[in-house]
There are 2 protein chains.
Amino acid sequence: MPQPYEILFKTLADPTRRAIFERLCRDGEQTVKTLTARAGVSQPAVSKHLGVLRRAGMVRDRHEGRQTHYSAQLGALAPLVDWTQQMAGFWQSRFDDLEDLLERMDQ
Amino acid sequence: MPQPYEILFKTLADPTRRAIFERLCRDGEQTVKTLTARAGVSQPAVSKHLGVLRRAGMVRDRHEGRQTHYSAQLGALAPLVDWTQQMAGFWQSRFDDLEDLLERMDQ
DNA sequence: TCAATTGATAACTCATTGGCTATTGATCGC
DNA sequence: GCGATCAATAGCCAATGAGTTATCAATTGA
């Protein structure tokens, strides 16, 4: 099974795509048209990024007539937090191990 | 000035490179040789990844004779935490705005 | 001293990907 | 119904980047 944060890191690596996600977090639900207006790239490029974000579970789409509204799924960031905490945990436990060792040497 | 998390996302996007960083967090300081033994790629590939990690400020190198010891710099992950909290903050404030609106409508 | 070890760099290949234009499908307003 | 609008897809291109092998520089030890 693939790590859940694997796809998150890949998806967030592109600045344009990350900017789109940030905008959805900041301003809430947006149509492709409004997103395109400020993205600095063409509409197909925006659609492609939104597709990547959607497949990563980071956004939801809602169809309404001919427009599609996208919104951020904040919960999708959880694996990122978990990963960071795990790294910090490794760090801490190595520190603890060192403390244990020094303590035992001290006796 | 470039966003501090920009380079972090890019650096962490590659699985091999992220695995090297994880290993340094988990097991502490390692030489290039020991890292190469488990990386699944050639020594030059490992060196290249370590160079990327170093330029991103995520690892430090320490030269000792002909070997180079690398160690993780956990503090480098701070911008990642900041970014995540910022996204959560946007989310929360939009929620607050909605609450305010509903409250005012309720009067 | 000289062979072996360690790690970095050079030079190259190949796959991935982010961008574009063109087009299609679908829906809306007149 | 028909032209306009909105979004997705197809097809293409160029840049990036991760991997390789070959090689070099530096250090070690026999």
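Note that these values count all heavy atoms, side chains included, but never hydrogens, waters or copies made by symmetry. As the structure is a prediction and not an experimental result, all values here were calculated from the model. Lettering of chains follows the sequences in order, A, B, ..., and the numbering in each one begins at 1.
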Rounded to the nearest 0.5 Å, the OG1 atom of B:Thr34 sits from the CD atom of B:Gln67 at a distance of 8.5 Å
Heavy atoms from other residues, nucleotides or ligands near CZ of B:Arg23 exceed 12 (cutoff 6.0 Å):
yes
Side chains of B:Val46 and B:Thr16, heavy atoms from C-beta outward: is any pair under 4.5 Å?
no
What distance separates A:Asp61 CG from A:His63 NE2, expressed to the nearest 0.5 Å?
4.0 Å
Residues from residues 8-21 of chain A lying under 4.0 Å of DNA chain C - heavy atoms
A:Asp14, A:Thr16, A:Arg17
To the closest 0.5 Å, what do you measure between NZ (A:Lys48) and CG (A:Asp14)?
11.0 Å
In dot-bracket, 5' to 3', how would DNA chain C read with Watson-Crick or G-U wobble pairs under 3.5 Å, [ ] for crossing ones and | for pairs to another strand?
||||||||||||||||||||||||||||||
Distance in angstrom units between A:Glu64 CD and C:dT27 P, rounded:
13 Å
Would you say B:Ile7 and B:Val81 are hydrophobically clustered, going by side-chain heavy atoms of ILVMFWY under 4.5 Å?
no
NZ/NE/NH1/NH2 to OD/OE distance under 4.0 Å, A:Arg18 and A:Glu22
yes
Heavy-atom count around A:Arg62 CZ within 6.0 Å, excluding the residue itself: above 12?
yes
OP1 or OP2 of C:dG19 sitting under 4.0 Å from any side-chain N/O of A:Ser42?
no
Taking only nitrogen or oxygen atoms into account, show me every contact under 3.5 Å that the protein makes with nucleotides 6-9 of chain D, one pair per line with its distance.
| unit_1 | atom_1 | unit_2 | atom_2 | d |
| --- | --- | --- | --- | --- |
| D:dC6 | OP2 | A:Lys33 | NZ | 3.3 |
| D:dA7 | OP1 | A:Val32 | N | 3.3 |
| D:dA7 | OP1 | A:Thr68 | N | 3.4 |
| D:dA7 | OP2 | A:Lys33 | N | 2.6 |
| D:dA7 | O3' | A:Thr68 | OG1 | 3.2 |
| D:dA7 | N7 | A:Gln43 | OE1 | 3.4 |
| D:dA8 | OP1 | A:Tyr70 | OH | 2.7 |
| D:dA8 | OP2 | A:Ser47 | OG | 2.6 |
| D:dA8 | N7 | A:Gln43 | NE2 | 2.7 |
| D:dA8 | N6 | A:Gln43 | OE1 | 3.2 |

Could you state the interatomic distance from OG1 (A:Thr84) to CG (B:Leu77), rounded to the nearest 0.5 Å?
6.0 Å
Considering only heavy atoms from C-beta outward, does the side chain of A:Lys10 approach that of B:Pro15 to under 4.5 Å?
yes
